[in-house]
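To keep things clear, I will list the structure first and then write my remarks on it.
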Amino acid sequence: MKIYHNQSLKPYNTFGIAARCRQLIEIENEQEVPLLFEQKIFDSSYLIIGGGSNMLFTQDFDGTVICFRTKGIKKVAETEEHVWIEVAAGEEWADFVSFCIKNQYYGVENLVGIPGLVGSCPVQNIGAYSVEVKDVINQVYGYRIPTGEPFVLHHDDCQFAYRHSIFKSTLKGKCLISRVQFQLSKKEHYTITYQGLIEELKTRNCAITLANVSDAILTVRNRKLPDISKIGSAGSFFQNPVIEESQYEDLKVKFPQLITFPQNEGKVKLAAGQLIELSGMKGVREGDVGVYPNQALVIVNYGNATGKEVQIFYQKVQKKVAEMFGITIVPEVNIY
Ligand code: EPU
């Protein structure tokens, strides 16, 4: 394991916020995990991060930041139809998706281009283009805090929902995720329901293959989302709000253009990006913080914005949306 003191977190978060932490530990091998418990790291403040692609530091962190840098993508079982792959928490999500595409395993191709590490993917149940990672997660492995006892949670016990899991509720801060086991399909199978993807594939007039679908997804993504290697951001900053149908019926009278996504009975999901756009905040920039001009759900750091500046700005966006629609949009990004 590698240990750093008074470490800048700027290279550890895609927002590019220059906060610091007292200590940072990089776990390079799963066998090192018991040492964290023996050294009583969890007796004072700690924070477990993956690729730092879904967080905003609004202040320095007076504690230990723990990052998994473990590697390994291993086939553990196989039938004619399916394959089960176990992946170390520290693997880049992008490398796992490439592995699946190369081996003709179906299920994660729509999730291509999402930044971050495999260990984080179950936490907020990452999703894009009509697929959520819960659709392919079989089991999650890790260690309980503070006991260090290993655990295995089956898919059905993870309480997956839109941008949600047990790791964001009852197990928040109470476990380390060390590996994820995925169940993928060996039989040709695609999810082509997102309108933008259908149109992109039609324009290309190409054969439907894993490589072509993932390539089309990347084109659709890049049209709307910033390249985090050039502009600091954490992807969608807010969750799409789910409201009562009765509230939607009232809103519809004044805003008939509102886009909705199907939900369980009695509820309606709206597009936060559209609400922000209608509130007049799309493309607005204040100093080095702004709402991304191509996708209003994304807040960007154009240079040297501080976490506090981003916080003041996102609260302004929330206020504008609340004033216009009476809806409080909630960050999907973790805020410290
Ligand atoms: N819209 C606007 N203005 C905008 C942005 C969006 O009117 O500035 C409208 C669009 O026209 C569209 C609707 O809102 O009709 C939905 O937009 P989009 O398809 O771009 O998706 P989203 O709901 O804004 C979600 C995910 C994204 C994911 C896309 C594609 C959340 C919080 N975000 O965004 O995930 O890539 O769907 O499936 O659910 C992420 O989580 O970081 C992320 C990028």
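Just so you know, ligand 1 is whichever comes first in the structure, and atom 1 is the first atom listed for that ligand. In this chain, residues are counted from 1 in sequence order.
Near Gly235, meaning under 4.0 Å from one of its heavy atoms, ligand 1 places the atoms 42 (O). Using a 4.0 Å cut-off to heavy atoms of Ala271, the atoms of ligand 1 that qualify are 13 (C), 14 (O). Contact atoms of ligand 1 toward Ser236: 26 (C), 27 (C), 31 (C), 32 (C), 33 (N), 35 (O), 40 (C), 41 (O), 42 (O), 43 (C), 44 (C) (distance under 4.0 Å to a heavy atom of the residue). Set against the non-hydrogen atoms of Ala296, the atoms of ligand 1 under 4.0 Å away are 4 (C), 5 (C), 8 (O). Close contacts of ligand 1 with Tyr162, meaning ligand atoms under 4.0 Å from a residue heavy atom, involve 31 (C), 32 (C), 39 (O). Each of the atoms 2 (C), 3 (N), 4 (C), 7 (O), 8 (O) of ligand 1 lies under 4.0 Å from some heavy atom of Glu277. Near Lys282, meaning under 4.0 Å from one of its heavy atoms, ligand 1 places the atoms 3 (N), 4 (C), 8 (O). Ligand 1 places these atoms under 4.0 Å from at least one heavy atom of Glu332: 32 (C), 40 (C), 41 (O), 42 (O).
Applying the ring-ring contact (aromatic ring centres under 6.0 Å, His included) criterion to Tyr129, with sequence neighbours excluded, gives Tyr194. Taking the ring-ring contact (aromatic ring centres under 6.0 Å, His included) definition, one finds that Tyr292 meets it with nothing, sequence neighbours left out.
Between Asp215 and Arg204 there is a salt bridge, with a side-chain nitrogen of the basic residue lying less than 4.0 Å from a carboxylate oxygen of the acidic one. At a threshold of 4.0 Å, the pair Glu30-Arg179 counts as salt-bridged, since one of the basic side-chain nitrogens sits closer than that to a carboxylate oxygen. Between Asp62 and Arg22, at least one side-chain N (NZ, or NE/NH1/NH2) sits under 4.0 Å from a carboxylate O, which counts as a salt bridge. A salt bridge links Glu332 with Arg163; the closest basic N to acidic carboxylate O contact falls under 4.0 Å. Salt bridge Glu323/Lys320: absent, no basic N to carboxylate O contact under 4.0 Å. Using a 4.0 Å cut-off between a side-chain N of Lys or Arg and a carboxylate O of Asp or Glu, Lys187 and Glu81 do not qualify as a salt bridge. Under a 4.0 Å N-O distance rule, the pair Lys267/Glu244 qualifies as a salt bridge. Salt bridge status for Lys75 with Glu86: absent, with no side-chain N to carboxylate O gap under 4.0 Å.
Contacts with ligand 1 closer than 4.0 Å are made by side-chain heavy atoms of Leu225 only, the backbone lying farther away. Under 4.0 angstrom from ligand 1, the non-hydrogen atoms of Phe238 all belong to its backbone. Counting heavy atoms under 4.0 Å from ligand 1, residue Gln274 touches it through both backbone and side chain. Looking at Phe261 against ligand 1, only its side chain comes within 4.0 Å, counting heavy atoms.
Phe96 places a side-chain heavy atom less than 4.5 Å from the side chain of Val108. Considering only heavy atoms from C-beta on, Thr64 stays 4.5 Å or farther from Ser45 through its side chain.
Taking 4.0 Å as the cut-off, Gln124 does not count as a neighbour of ligand 1 on heavy-atom distance. By the 4.0 Å heavy-atom criterion, Gly127 is counted among the residues contacting ligand 1.
Nearest non-hydrogen protein atom to atom 10 (C) of ligand 1 is Ile259 CD1, 4.2 Å. Protein heavy atom in closest approach to atom 25 (C) of ligand 1: Asn240 ND2, 4.3 Å. Closest to atom 21 (O) of ligand 1, if we only count protein heavy atoms, is Gln295 NE2, 4.1 Å. The closest protein non-hydrogen atom to atom 36 (O) of ligand 1 is Ala128 CB, 3.7 Å. Closest to atom 35 (O) of ligand 1, if we only count protein heavy atoms, is Arg163 NH2, 3.0 Å. In terms of protein heavy atoms, atom 38 (O) of ligand 1 is closest to Tyr129 N, 2.6 Å. Looking from atom 34 (O) of ligand 1 to the surrounding protein, the closest heavy atom is Leu297 CD2, 3.8 Å.
Residue Ile329 is tested with Phe238, Tyr314, Phe237 for a side chain to side chain contact (heavy atoms under 4.5 Å, CB included); the sole match is Phe238.
Note that atom 29 (C) of ligand 1 has no protein non-hydrogen atoms nearby, at separations under 4.0 angstrom. For atom 19 (O) of ligand 1, a protein heavy-atom neighbour is present inside the 4.0 Å cut-off.
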Ring pair (Phe, Tyr, Trp, His ring centres under 6.0 Å) between Phe151 and Tyr143, intermediate numbers included: CA-CA 6 Å; Phe151 72 81; Tyr143 300 85; 7.7 Å; no
Residue pair Phe15, Phe57: steps toward the ring pair (Phe, Tyr, Trp, His ring centres under 6.0 Å) verdict: CA-CA 9 Å; Phe15 239 124; Phe57 289 103; over 10 Å; no
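At least one N/O-N/O distance between Lys224 and ligand 1 falls below 3.5 Å. Residue Tyr194 places at least one N or O, backbone or side chain, under 3.5 Å from an N or O of ligand 1.
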